Amino acid sequence: MKFTLNLNAKVNSEADVIVISAFTKDESTLVNTHWSKEMKTSFAAVNSSVNFKGGKGETYSFTHEGLDVLAVGLGVKTKLTSEDLRKELAKTYKLISKYTSAAIAFDGFVFKGKKEESLNILGEAFGLTAYTFDKYLTKKSDAKLKEVFVDSTEAKSKGKKFQKILDEAVVVTDSINVARDFVNEPPNILRSTEYAKRVKKDVEKIKGVKCKILGKKELQKEKMNLFLSVNDGSAYAPQLVHLTYTPSKVTKNTKHIAFVGKGLVFDTGGYSLKPGGSMINMKFDMAGSSTVYAAFRAAAMMGLNVKITCILGMTDNAVNEHATMPDAIVRGRNGKTVEILNTDAEGRLVLADCLDYACDLKPDAIIDSATLTGACLMALGTEVCGLMSNNKKLSDKLIKSAGNADEYMWELPIIPEWEKDMKGTISDLKNLGGSRWGGTAKAAAFLKEFIKDDIAWAHLDIAGVGDSQSHLPYCPAKGASGAVVRSLVDFLKNS
Ligand code: BES
Ligand code: ZN
Ligand code: ZN
């Protein structure tokens, strides 16, 4: 889908459908003062148009000078929020995707007078809603929309700025859609090795990006035995993908952010086997890695002025005669021993070694993202991302970025009692707490043991938000959501 800006617009661009907004006063009176006289006449010529009041979620189709027009109700103008706009534009996309081209009267789709933010939201909403995963369907999606003309009375001098906003929205939504593709890919196709290969290929052409892949031998050399223990039962090699983005101008003030992502291409639970029902959809157990990858990719393509490392720990958690048995004691890369009481608590083992590896790079902050605990869904539901951290400044910044991106993020504490609960009796640590209560933050207490030199660190548990965000019209009702990427991009922009 291509966006074409038409500034200083006197008339609508020529397209198959014209999209205009409408507002309401007290839900009972239509507010369409921003329409042309001719448009108002065409609208009023249809009897049923009296029923359209411009309320949020209301739409009305009519014809004007032989062209289809879609009027989109946005409710009371002064009450319109950024997320309202994103949602209404997502619904609008679904209504116009049957056309090849559309012209949107953009000036009517601005919340609280914020034109630039609204333009970004238009790009986001259309780009995210256009996503389909139909490669395994014989009958493909019938969306046809190829070109969107953005008509605005704004001066032509704004052209460069507006184009940049749209271009960046396309980069971010494309990156989110790449991540969604990875997550939706079935586990018989996306093995650890295939995943690493696809990431390597995807970054090949991005300026300033380097990619290194560590396989089994290299991980052995690195003494990443916790990561390796998860891979013991697998027929496929573990892969640590190490990506680096270096901006074109680096000074001593340039910040270095390290991302770490859980990339379990399938989680059977291992010997602590998951029951059949809980195992379905465990292909999405690599969503944490795709999330940080998408943010990394977008930031690098935008050329943001921040150095970014991205460590993706990829393997499946499977069972064969070599698989790790519960009660195993394994020494991690940082020297601490872990009693593995439950092989289904595998994500924290992979992350532990990856976090220690990331610490050696001495970044200013580390952020990991993982579908780590089912308990996160109990604590925060499926709509809120769990955040845990050892650094208030960092967690506050992340919460602010989530707010800027209209995504829900809530911090859970890591209390000393839970840190104690993760200590072992015959080993330094155990991978399971003494009770199932507080499972999300206990997992974080375990991870915290692998952060050295007091590096600022934050852990994002995306077990709930990683997929099936059916309440968001710009996310597929089922499957990968791409949640949290926009928050992380905002964070990087402000780093
Ligand atoms: N990948 C799962 C977490 C998960 C469960 C994500 C459901 C999304 C939906 C993780 O590896 C896991 O199995 N965690 C266990 C931990 C427990 C054994 C301490 C869990 O949540 O049950
Ligand atoms: Zn598991
Ligand atoms: Zn898992």
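First listed ligand is number 1; within each ligand, the first listed atom is number 1. None of the values given here were measured: they were computed from a predicted structure.
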Quiz item: Do D467 and K478 meet the salt-bridge criterion of a basic N to acidic O distance under 4.0 Å?
Solution: no
S435 meets the side chain to side chain contact (heavy atoms under 4.5 Å, CB included) criterion, sequence neighbours left out, with W437, K442
d(L214 CG, H242 NE2) to nearest 0.5 Å is 8.5 Å
Contacts of L432 meeting side chain to side chain contact (heavy atoms under 4.5 Å, CB included) (sequence neighbours excluded), chain-then-number -> L341, N342
For the Zn ion (ligand 3) the protein N, O or S atom count under 2.8 Å stands at 4
Practice prompt. Report the C-alpha distance between K262 and E346 in whole Å, list the side-chain angles of each, state the deciding distance to 0.1 Å, and finish with yes or no for salt bridge (Lys or Arg N to Asp or Glu O under 4.0 Å).
Written response: CA-CA 10 Å; K262 171 177 174 182; E346 85 298 337; 3.0 Å; yes
Rounded to the nearest 0.5 Å, the CG atom of L351 sits from the NE2 atom of H459 at a distance of 7.5 Å
Could you give the N/O to N/O pairs under 3.5 Å linking ligand 1 and the protein, each with its distance?
unit_1, atom_1, unit_2, atom_2, d
ligand 1, 1 (N), K262, NZ, 3.4
ligand 1, 1 (N), D267, OD2, 3.2
ligand 1, 1 (N), D285, OD1, 2.8
ligand 1, 1 (N), D285, OD2, 3.0
ligand 1, 1 (N), T371, O, 3.4
ligand 1, 11 (O), K262, NZ, 3.2
ligand 1, 11 (O), D267, OD2, 2.9
ligand 1, 11 (O), D344, O, 3.0
ligand 1, 11 (O), E346, OE1, 2.8
ligand 1, 11 (O), E346, OE2, 3.0
ligand 1, 13 (O), K274, NZ, 2.8
ligand 1, 13 (O), D344, O, 3.0
ligand 1, 13 (O), D344, OD1, 2.8
ligand 1, 13 (O), D344, OD2, 3.1
ligand 1, 21 (O), G374, N, 2.7

query = Would K423 and E339 satisfy salt bridge (Lys or Arg N to Asp or Glu O under 4.0 Å), going step by step from the backbone distance to the final call?
reply = CA-CA 9 Å; K423 303 274 190 217; E339 190 177 14; over 6 Å; no
- Measure from the side-chain N and O atoms of T337 to the backbone N and O of V330, and report whether any donor-acceptor pair falls under 3.5 Å. no
Identify whether the distance between the nearest side-chain nitrogen and carboxylate oxygen of K91 and E88 falls below 4.0 Å. yes
